[in-house]
Asks: 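First the structure, which I've put down as structure tokens, then a few questions once you've had a look.
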Amino acid sequence: MENVFNTSTSFILLGIEEMEHYKYLYCGFVLVTYLLILLFSSLIISVVLLDESLHEPMYTLIANLMLNGIFGASCFLPKLILDLFLSSKVISRAACFIQSFCVTIFGYFEIAAFTIMAYDTYLAVCHPLRYPTLMTNKTSLKLIVGSVVFNVTFVLVSVLLSAQLPLCGSHINNYFCDNMSIFILSCVDSSVNRLYGTVKFVTYLMVSMLIIAYSYVRILHICLKISKGAGKKAIHTLVTHLLNFSIFLIGALFIFIRYRLENINLPLVFHILLSITGSVFPPLLNPLVYGIRTKALKIKVISHLEKLKVNKYF
């Protein structure tokens, strides 16, 4: 019997259907989470932009990470809030592929941001005298823009490949669209597409992790040789970066586990929880960790909040 291709113009998000029983509770939780991500990240970005003493590569890169967090959360949380409130579980075909592209690009941007930050810290600690010329704000912005252009091109290929596949289903086991969920609906053997996507992501991640690992090993090596005070400061920065990168890796691991369990008959709620853990926690926790552990940034944020408080009363 010939496969009956899905020629419909929309998909059904089963994750939203699963949340239907407690939709207002979930809607409230997601809304508060999204507002917190916007508040924390926007606060750090605004402080970095407004305070000239923070116009340095390190803080520019932190602001870039916060901006990516806002972008990542905005890829699916606003639509999820509306879908829950309006009891809608349908997403158009075009919107599904756009969302898939945005969610994927968020992950690649995140890896690139941590890699550039590791390189910046490596230059600051291992080449302190040459650092002002090797890493300027202009250089950091060039690295950010370069990574954006490269990653957009890199990810676009995978999304275009998935858009070419004939689909035999319209039900997605998630509350947002992603490339792997679309591959699963394919009528034809999509193993080549999956292999391409997996090899591409693993290669990208491994190269980035090698750069990060090399940078941090060199930093630790230098810290053992320099003065105790300078070494302690460098290690503090190193631990902050590692903590945030670990949060992202744990999130990526949860998403990877979800894909591996796709063909196992587990309750849909487990897939939802794994997706939430992998996609929501990194943008929520990143500004908190950097805001608390980066001393200069913490001081400026507190000062900024105090000024806002004073202006409110006068």
Side-chain angles (χ1 to χ4, degrees), residues 1-31 33-34 71-107 155-156 158-191 193-194 197-198 251-252 254-281:
M1 183 181 290
E2 293 184 359
N3 289 321
V4 179
F5 293 170
N6 171 28
T7 57
S8 67
T9 58
S10 61
F11 293 98
I12 305 297
L13 299 172
L14 296 179
I16 296 175
E17 191 177 73
E18 180 70 20
M19 298 178 181
E20 186 69 22
H21 299 298
Y22 303 100
K23 66 175 186 177
Y24 294 117
L25 179 63
Y26 287 123
C27 186
F29 172 75
V30 174
L31 178 61
T33 301
Y34 183 55
F71 168 74
S74 299
C75 289
F76 56 91
L77 290 185
K79 185 183 184 310
L80 177 59
I81 293 166
L82 283 174
D83 286 343
L84 288 170
F85 186 74
L86 300 174
S87 296
S88 172
K89 55 189 176 184
V90 178
I91 183 170
S92 70
R93 201 180 186 97
C96 186
F97 283 106
I98 291 171
Q99 189 178 57
S100 172
F101 172 77
C102 292
V103 169
T104 307
I105 205 73
F106 159 66
V155 173
L156 191 59
S158 293
V159 176
L160 289 176
L161 282 173
S162 63
Q164 302 297 318
L165 291 172
L167 305 178
C168 285
S170 59
H171 292 72
I172 293 176
N173 282 337
N174 210 338
Y175 58 88
F176 61 87
C177 286
D178 59 276
N179 234 21
M180 289 301 293
S181 294
I182 295 171
F183 284 155
I184 290 165
L185 299 178
S186 174
C187 299
V188 297
D189 184 10
S190 62
S191 56
N193 299 65
R194 292 194 201 189
T198 302
F254 273 101
I255 292 175
F256 177 75
I257 291 171
R258 194 190 79 79
Y259 289 140
R260 298 297 295 177
L261 296 176
E262 190 70 43
N263 295 322
I264 299 175
N265 189 24
L266 283 176
L268 186 57
V269 66
F270 282 99
H271 292 287
I272 296 171
L273 289 173
L274 289 172
S275 291
I276 289 175
T277 304
S279 55
V280 174
F281 281 173

Asks: Can you tell me how far CZ of R93 sits from CD1 of I98, rounded to the nearest 0.5 angstrom?
Replies: 13.0 Å
Asks: L31: which residues meet the side-chain contact (heavy atoms from CB on, under 4.5 Å) condition with it, sequence neighbours left out?
Replies: L35, I81
Asks: Considering non-hydrogen atoms only, spot the tightest contact between C102 and C75 and give its length.
Replies: CB-SG, 3.3 Å
Asks: Measure the spacing between CG of D178 and CZ of F76 and express it to the nearest 0.5 Å.
Replies: 10.5 Å
Asks: Applying side-chain contact (heavy atoms from CB on, under 4.5 Å), name anything that partners A163, two or more places apart in sequence or on another chain.
Replies: F97
Asks: Rounded at 0.5 Å granularity, tell me how far CG in L82 sits from CG in L77.
Replies: 11.5 Å
Asks: Under the salt bridge (Lys or Arg N to Asp or Glu O under 4.0 Å) definition, can you give me all pairs with a residue in residues 72-81, not counting sequence neighbours?
Replies: K79-D83
Asks: Using the rule given for side-chain contact (heavy atoms from CB on, under 4.5 Å), can you reason through L13 versus N174, listing the C-alpha separation, both sets of side-chain angles and the distance that settles it, and then say yes or no?
Replies: CA-CA 6 Å; L13 299 172; N174 210 338; 5.7 Å; no
Asks: Working to the nearest 0.5 Å, report the span between CG of L80 and OG of S88.
Replies: 11.0 Å
Asks: Considering only heavy atoms from C-beta outward, does the side chain of S170 approach that of L185 to under 4.5 Å?
Replies: no
Asks: For S158, enumerate each residue passing the side-chain contact (heavy atoms from CB on, under 4.5 Å) test, keeping only those at least two apart in sequence or located in another chain.
Replies: N179, Y196, K200
Asks: So how far is it from T33 OG1 to F281 CZ, rounded to the nearest 0.5 Å?
Replies: 8.5 Å
Asks: Quick one: does S100's side chain have a donor or acceptor within less than 3.5 Å of a partner on C96's backbone?
Replies: no
Asks: With sequence neighbours excluded, tell me which residues meet side-chain contact (heavy atoms from CB on, under 4.5 Å) with L160.
Replies: L156
Asks: Determine whether I172 and L14 make a side-chain contact, defined as any pair of heavy atoms from C-beta on separated by less than 4.5 Å.
Replies: no
Asks: Just wondering, do V103 and F176 contact through their side chains at under 4.5 Å, heavy atoms?
Replies: yes
Asks: Measure across M19 and Y175 and return the closest heavy-atom pair with its distance rounded to 0.1 Å.
Replies: CE-CD2, 4.1 Å
Asks: Less than 4.5 Å apart, side chain to side chain, heavy atoms only: is that true for F71 and I105?
Replies: yes
Asks: Can a donor-acceptor pair be found, under 3.5 Å and without considering hydrogens, that links the side chain of E17 to the backbone of K89?
Replies: no
Asks: So, using side-chain hydrogen bond (donor to acceptor under 3.5 Å, both in side chains) as the criterion, who are the partners of S74 when residues are at least two apart?
Replies: Y34
Asks: If you measure from OH on Y26 to CD on E20, what distance do you get to the nearest 0.5 Å?
Replies: 11.5 Å
